[in-house]
K.L.:
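Pasting in a structure now, in C-alpha coordinates, and then I'll have a few things to ask.
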Amino acid sequence: ERAKDMLTANLRAAMKIGGVYVLTDARRDAEETIGAALEGGARIVQLREKTLPTPRLIELAKRIRRMTQSALFIVNDRVDVALASDADGVHVGPDDMRPADVRRLVGDKIVGVSVGTVEEGIAAAPYASYFGVGAIYGTSTKADAGDAVGTQRIRDVRTTFPAMPIIAIGGIGRGNIGEAARAGADGAAVVSAVAGAEDMRAATAELVRLWGASVVSR
(Lines give C-alpha, C1' and ligand atoms only; values in the text may rest on other atoms or scores of the structure.)
Protein backbone atom coordinates (compact mmCIF):
# COMPACT_ATOMS: atom_id res chain seq x y z
CA GLU A 1 0.00 0.00 0.00
CA ARG A 2 2.85 2.39 0.82
CA ALA A 3 4.50 1.67 -2.55
CA LYS A 4 1.19 2.41 -4.29
CA ASP A 5 0.87 5.68 -2.39
CA MET A 6 4.41 6.67 -3.34
CA LEU A 7 3.76 5.85 -6.99
CA THR A 8 0.59 7.96 -6.97
CA ALA A 9 2.46 10.84 -5.35
CA ASN A 10 5.24 10.60 -7.93
CA LEU A 11 2.76 10.57 -10.79
CA ARG A 12 1.02 13.65 -9.43
CA ALA A 13 4.35 15.42 -8.98
CA ALA A 14 5.23 14.71 -12.61
CA MET A 15 2.01 16.22 -13.97
CA LYS A 16 2.60 19.33 -15.98
CA ILE A 17 0.97 22.47 -14.61
CA GLY A 18 -1.35 23.46 -17.43
CA GLY A 19 -4.52 22.77 -19.37
CA VAL A 20 -8.03 23.50 -18.16
CA TYR A 21 -8.05 24.43 -14.47
CA VAL A 22 -11.49 24.35 -12.82
CA LEU A 23 -12.32 26.21 -9.61
CA THR A 24 -15.29 25.48 -7.40
CA ASP A 25 -17.93 28.14 -6.89
CA ALA A 26 -20.52 28.80 -4.18
CA ARG A 27 -23.41 28.26 -6.60
CA ARG A 28 -22.66 24.54 -7.03
CA ASP A 29 -21.68 21.68 -4.75
CA ALA A 30 -17.88 21.46 -4.65
CA GLU A 31 -17.65 17.69 -4.94
CA GLU A 32 -20.17 17.63 -7.78
CA THR A 33 -18.25 20.35 -9.61
CA ILE A 34 -14.90 18.64 -9.22
CA GLY A 35 -16.30 15.24 -10.17
CA ALA A 36 -17.78 16.69 -13.36
CA ALA A 37 -14.59 18.61 -14.14
CA LEU A 38 -12.46 15.50 -13.78
CA GLU A 39 -14.81 13.50 -16.00
CA GLY A 40 -14.60 16.31 -18.56
CA GLY A 41 -10.81 16.21 -18.64
CA ALA A 42 -9.68 19.03 -16.34
CA ARG A 43 -5.97 18.81 -15.51
CA ILE A 44 -6.14 20.87 -12.29
CA VAL A 45 -8.97 21.52 -9.84
CA GLN A 46 -9.10 24.06 -7.05
CA LEU A 47 -11.26 24.11 -3.92
CA ARG A 48 -12.31 27.70 -3.30
CA GLU A 49 -14.55 27.84 -0.24
CA LYS A 50 -14.90 30.88 1.99
CA THR A 51 -17.72 30.01 4.39
CA LEU A 52 -17.26 26.53 5.85
CA PRO A 53 -15.82 26.18 9.36
CA THR A 54 -12.27 24.89 9.24
CA PRO A 55 -12.97 21.31 10.44
CA ARG A 56 -15.67 20.84 7.79
CA LEU A 57 -13.49 22.44 5.13
CA ILE A 58 -10.66 20.03 5.93
CA GLU A 59 -13.00 17.04 5.70
CA LEU A 60 -14.28 18.30 2.34
CA ALA A 61 -10.73 18.76 1.11
CA LYS A 62 -9.82 15.23 2.20
CA ARG A 63 -12.78 13.82 0.24
CA ILE A 64 -11.72 15.78 -2.83
CA ARG A 65 -8.13 14.59 -2.39
CA ARG A 66 -9.40 11.02 -2.72
CA MET A 67 -11.17 11.98 -5.96
CA THR A 68 -8.17 13.60 -7.60
CA GLN A 69 -5.60 10.90 -8.20
CA SER A 70 -5.46 11.73 -11.93
CA ALA A 71 -5.33 15.53 -11.58
CA LEU A 72 -3.62 18.16 -9.48
CA PHE A 73 -5.59 19.36 -6.44
CA ILE A 74 -5.04 22.92 -5.23
CA VAL A 75 -6.61 24.66 -2.23
CA ASN A 76 -7.35 28.36 -2.48
CA ASP A 77 -5.82 30.61 0.21
CA ARG A 78 -5.79 28.10 3.05
CA VAL A 79 -2.33 26.70 3.69
CA ASP A 80 -3.58 24.84 6.77
CA VAL A 81 -6.29 23.07 4.77
CA ALA A 82 -3.89 22.18 1.97
CA LEU A 83 -1.48 20.61 4.46
CA ALA A 84 -4.17 18.81 6.46
CA SER A 85 -5.71 17.26 3.35
CA ASP A 86 -2.39 16.52 1.60
CA ALA A 87 -3.44 18.59 -1.39
CA ASP A 88 -0.88 19.03 -4.15
CA GLY A 89 -0.62 22.70 -3.37
CA VAL A 90 -2.14 26.04 -2.48
CA HIS A 91 -2.94 29.19 -4.44
CA VAL A 92 -2.59 32.64 -2.89
CA GLY A 93 -3.51 36.13 -3.99
CA PRO A 94 -2.41 39.63 -3.00
CA ASP A 95 -4.48 39.67 0.21
CA ASP A 96 -3.39 36.23 1.41
CA MET A 97 -0.26 34.93 3.13
CA ARG A 98 2.95 36.10 1.48
CA PRO A 99 4.42 33.62 -1.02
CA ALA A 100 7.71 33.43 0.93
CA ASP A 101 5.86 32.37 4.07
CA VAL A 102 3.72 29.90 2.13
CA ARG A 103 6.80 28.29 0.61
CA ARG A 104 8.44 27.95 4.01
CA LEU A 105 5.37 26.15 5.37
CA VAL A 106 4.50 23.84 2.46
CA GLY A 107 7.97 22.76 1.42
CA ASP A 108 7.99 21.28 -2.07
CA LYS A 109 4.23 21.43 -2.65
CA ILE A 110 2.87 23.56 -5.49
CA VAL A 111 2.52 27.26 -4.71
CA GLY A 112 0.40 29.23 -7.15
CA VAL A 113 0.56 33.03 -6.95
CA SER A 114 -1.81 35.53 -8.55
CA VAL A 115 0.07 38.32 -10.32
CA GLY A 116 -1.31 41.22 -12.30
CA THR A 117 1.98 42.79 -13.39
CA VAL A 118 5.54 41.81 -14.25
CA GLU A 119 6.70 43.61 -11.12
CA GLU A 120 4.48 41.44 -8.94
CA GLY A 121 5.86 38.42 -10.74
CA ILE A 122 9.44 39.45 -9.98
CA ALA A 123 8.64 39.64 -6.27
CA ALA A 124 6.85 36.26 -6.22
CA ALA A 125 9.02 34.26 -8.62
CA PRO A 126 11.50 32.84 -6.07
CA TYR A 127 8.64 31.11 -4.24
CA ALA A 128 6.09 30.33 -6.95
CA SER A 129 5.46 27.08 -8.82
CA TYR A 130 3.19 28.89 -11.27
CA PHE A 131 1.66 32.32 -11.82
CA GLY A 132 -2.05 32.99 -12.14
CA VAL A 133 -1.95 35.97 -14.50
CA GLY A 134 -4.92 38.28 -14.73
CA ALA A 135 -7.64 39.20 -14.50
CA ILE A 136 -7.37 38.77 -18.27
CA TYR A 137 -10.97 39.68 -19.11
CA GLY A 138 -12.22 40.82 -15.70
CA THR A 139 -14.38 38.66 -13.47
CA SER A 140 -17.48 38.84 -11.31
CA THR A 141 -16.58 35.79 -9.21
CA LYS A 142 -13.58 37.26 -7.36
CA ALA A 143 -14.01 40.72 -5.87
CA ASP A 144 -10.27 41.35 -5.41
CA ALA A 145 -9.23 40.28 -8.91
CA GLY A 146 -8.71 43.83 -10.15
CA ASP A 147 -9.34 45.36 -13.56
CA ALA A 148 -8.99 43.43 -16.81
CA VAL A 149 -5.41 43.43 -18.07
CA GLY A 150 -5.84 41.67 -21.44
CA THR A 151 -3.87 38.89 -23.09
CA GLN A 152 -0.85 41.14 -23.67
CA ARG A 153 -0.09 40.76 -19.98
CA ILE A 154 0.40 37.02 -20.55
CA ARG A 155 2.96 37.82 -23.25
CA ASP A 156 4.72 40.34 -21.00
CA VAL A 157 5.02 37.87 -18.13
CA ARG A 158 6.08 35.07 -20.50
CA THR A 159 8.88 37.25 -21.90
CA THR A 160 10.21 37.97 -18.42
CA PHE A 161 9.69 34.44 -17.07
CA PRO A 162 10.07 32.04 -20.01
CA ALA A 163 10.16 28.92 -17.81
CA MET A 164 7.40 29.79 -15.32
CA PRO A 165 4.05 28.02 -15.91
CA ILE A 166 1.35 30.63 -16.52
CA ILE A 167 -2.34 30.07 -15.81
CA ALA A 168 -4.60 32.71 -17.35
CA ILE A 169 -7.29 33.81 -14.90
CA GLY A 170 -10.33 36.06 -15.02
CA GLY A 171 -13.45 35.90 -17.18
CA ILE A 172 -12.31 32.97 -19.32
CA GLY A 173 -14.89 30.84 -21.14
CA ARG A 174 -15.49 29.00 -24.38
CA GLY A 175 -15.51 32.24 -26.41
CA ASN A 176 -12.04 33.43 -25.39
CA ILE A 177 -10.10 30.47 -23.98
CA GLY A 178 -8.33 30.11 -27.33
CA GLU A 179 -7.00 33.66 -27.10
CA ALA A 180 -5.38 32.85 -23.76
CA ALA A 181 -3.76 29.75 -25.24
CA ARG A 182 -2.46 31.63 -28.29
CA ALA A 183 -1.03 34.36 -26.04
CA GLY A 184 1.26 31.77 -24.49
CA ALA A 185 -0.51 30.64 -21.32
CA ASP A 186 0.10 27.07 -20.17
CA GLY A 187 -3.42 26.76 -18.82
CA ALA A 188 -6.66 28.60 -18.19
CA ALA A 189 -8.60 28.85 -14.93
CA VAL A 190 -12.37 28.79 -15.27
CA VAL A 191 -15.21 29.28 -12.80
CA SER A 192 -18.51 30.41 -14.32
CA ALA A 193 -17.85 28.64 -17.62
CA VAL A 194 -18.23 25.35 -15.72
CA ALA A 195 -20.12 26.14 -12.50
CA GLY A 196 -22.67 28.16 -14.43
CA ALA A 197 -23.32 25.44 -16.99
CA GLU A 198 -26.25 23.04 -16.79
CA ASP A 199 -23.99 20.13 -17.74
CA MET A 200 -20.66 20.79 -16.05
CA ARG A 201 -18.97 17.69 -17.48
CA ALA A 202 -19.89 18.64 -21.03
CA ALA A 203 -18.84 22.26 -20.44
CA THR A 204 -15.44 21.14 -19.18
CA ALA A 205 -14.98 18.74 -22.08
CA GLU A 206 -15.74 21.53 -24.57
CA LEU A 207 -13.23 23.85 -22.90
CA VAL A 208 -10.63 21.06 -22.99
CA ARG A 209 -11.32 20.57 -26.71
CA LEU A 210 -11.05 24.27 -27.47
CA TRP A 211 -7.89 24.61 -25.41
CA GLY A 212 -6.22 21.69 -27.14
CA ALA A 213 -7.10 22.96 -30.60
CA SER A 214 -5.72 26.40 -29.80
CA VAL A 215 -2.46 25.07 -28.35
CA VAL A 216 -1.88 22.99 -31.47
CA SER A 217 -2.43 26.02 -33.72
CA ARG A 218 -0.17 28.51 -31.88
Side-chain angles (χ1 to χ4, degrees), residues 15-23 25 42-46 48 72 74-77 79 88-104 106 108-194 204 207-218:
M15 291 176 187
K16 183 177 184 295
I17 297 173
V20 174
Y21 182 150
V22 177
L23 285 70
D25 184 74
R43 294 276 302 278
I44 313 176
V45 293
Q46 183 185 124
R48 185 171 184 267
L72 295 175
I74 307 297
V75 174
N76 183 263
D77 297 352
V79 174
D88 292 301
V90 64
H91 186 98
V92 292
D95 297 325
D96 302 321
M97 187 181 291
R98 294 187 306 170
D101 294 328
V102 176
R103 175 56 69 199
R104 186 165 58 250
V106 305
D108 60 359
K109 285 185 179 292
I110 293 169
V111 177
V113 182
S114 295
V115 300
T117 66
V118 170
E119 289 71 26
E120 290 174 359
I122 291 170
Y127 317 105
S129 307
Y130 72 86
F131 288 154
V133 176
I136 301 302
Y137 300 105
T139 177
S140 61
T141 60
K142 195 167 170 53
D144 60 351
D147 296 332
V149 299
T151 55
Q152 182 58 43
R153 192 61 50 83
I154 297 171
R155 298 182 178 91
D156 295 342
V157 174
R158 170 61 68 221
T159 298
T160 307
F161 303 97
M164 179 71 74
I166 292 173
I167 304 294
I169 60 176
I172 295 172
R174 64 187 310 277
N176 56 28
I177 192 170
E179 296 173 7
R182 289 187 290 273
D186 297 287
V190 296
V191 183
S192 296
V194 171
T204 304
L207 290 166
V208 169
R209 184 190 69 79
L210 292 168
W211 178 265
S214 299
V215 168
V216 168
S217 66
R218 70 185 178 189

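Only this structure's heavy atoms are used, side chains among them; waters, hydrogens and symmetry mates stay out.
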K.L.:
A side-chain contact here means heavy atoms from C-beta on lying under 4.5 Å apart; do Val111 and Tyr130 qualify?
P.N.:
no
K.L.:
Could you list the residues that satisfy side chain to side chain donor-acceptor pair (under 3.5 Å) with Tyr127, not counting sequence neighbours?
P.N.:
none
K.L.:
Which heavy atom in Ala168 sits nearest to a heavy atom in Ile154, and how many Å separate them?
P.N.:
CB-CD1, 3.9 Å
K.L.:
Could you check if a side-chain atom of Leu207 sits within less than 4.5 angstrom of a side-chain atom of Val190, using non-hydrogen atoms only?
P.N.:
yes
K.L.:
Measure the spacing between CD of Gln46 and CG of Asn76 and express it to the nearest 0.5 Å.
P.N.:
4.5 Å
K.L.:
Which pair of heavy atoms, one from Val215 and one from Ala181, lies closest together, and at what distance?
P.N.:
CG2-CB, 4.1 Å
K.L.:
Please list, chain by chain and in numerical order, all residues satisfying side-chain contact (heavy atoms from CB on, under 4.5 Å) with Arg155, sequence neighbours excluded.
P.N.:
Thr151, Gln152, Ala183
K.L.:
Taking only residues two or more places apart in sequence or in another chain, which ones pass side chain to side chain donor-acceptor pair (under 3.5 Å) with Glu119?
P.N.:
none
K.L.:
Which heavy atom of Val113 sits nearest a heavy atom of Ala128, and at what distance?
P.N.:
CG2-CB, 3.8 Å
K.L.:
Consider side chain to side chain contact (heavy atoms under 4.5 Å, CB included). Of Val115, Ile17, Val133, which one does Ile166 pass it with?
P.N.:
Val133
K.L.:
List the steps and the verdict of side chain to side chain contact (heavy atoms under 4.5 Å, CB included) for Ile136 and Glu179.
P.N.:
CA-CA 10 Å; Ile136 301 302; Glu179 296 173 7; over 6 Å; no
K.L.:
Quick one: pull up NZ in Lys109 and CG in Leu72 and give me the separation to the nearest 0.5 Å.
P.N.:
11.0 Å
K.L.:
What distance separates Arg182 CZ from Asn176 CG, expressed to the nearest 0.5 Å?
P.N.:
10.0 Å
K.L.:
Can you list everything that forms a side-chain contact (heavy atoms from CB on, under 4.5 Å) with Ala188? Sequence neighbours excluded, please.
P.N.:
Ile172, Ile177, Trp211
K.L.:
Looking at every heavy atom in both Gly178 and Ser214, which two are closest together, and how far apart are they?
P.N.:
CA-OG, 3.1 Å
K.L.:
Applying side-chain contact (heavy atoms from CB on, under 4.5 Å), can you list everything that pairs with Val79, at least two apart in sequence or on another chain?
P.N.:
Leu83, Val90, Met97, Val102, Leu105, Val106
K.L.:
Using side chain to side chain donor-acceptor pair (under 3.5 Å) as the criterion, list what pairs up with Arg158, not counting sequence neighbours.
P.N.:
Asp186
K.L.:
Got a sec, which residues hit ring pair (Phe, Tyr, Trp, His ring centres under 6.0 Å) with Phe161, two or more places apart in sequence or on another chain?
P.N.:
Phe131
K.L.:
Among Val191, Ile169, Ile44, Val45, whose side chain to side chain contact (heavy atoms under 4.5 Å, CB included) with Leu23 holds?
P.N.:
Val191
K.L.:
Does the side chain of Arg43 come within less than 4.5 Å of Tyr21's, by heavy atoms?
P.N.:
no
K.L.:
Between CG of Asp88 and CD1 of Ile74, what distance do you get to the nearest 0.5 Å?
P.N.:
6.0 Å
K.L.:
Got a sec, which residues hit side chain to side chain donor-acceptor pair (under 3.5 Å) with Arg103, two or more places apart in sequence or on another chain?
P.N.:
Ser129
K.L.:
Quick one: closest heavy-atom pair of Ala42 and Val22, and the distance?
P.N.:
CB-CG2, 3.9 Å
K.L.:
If the condition is side-chain contact (heavy atoms from CB on, under 4.5 Å), which residues does Arg209 pass it with, not counting sequence neighbours?
P.N.:
Glu206
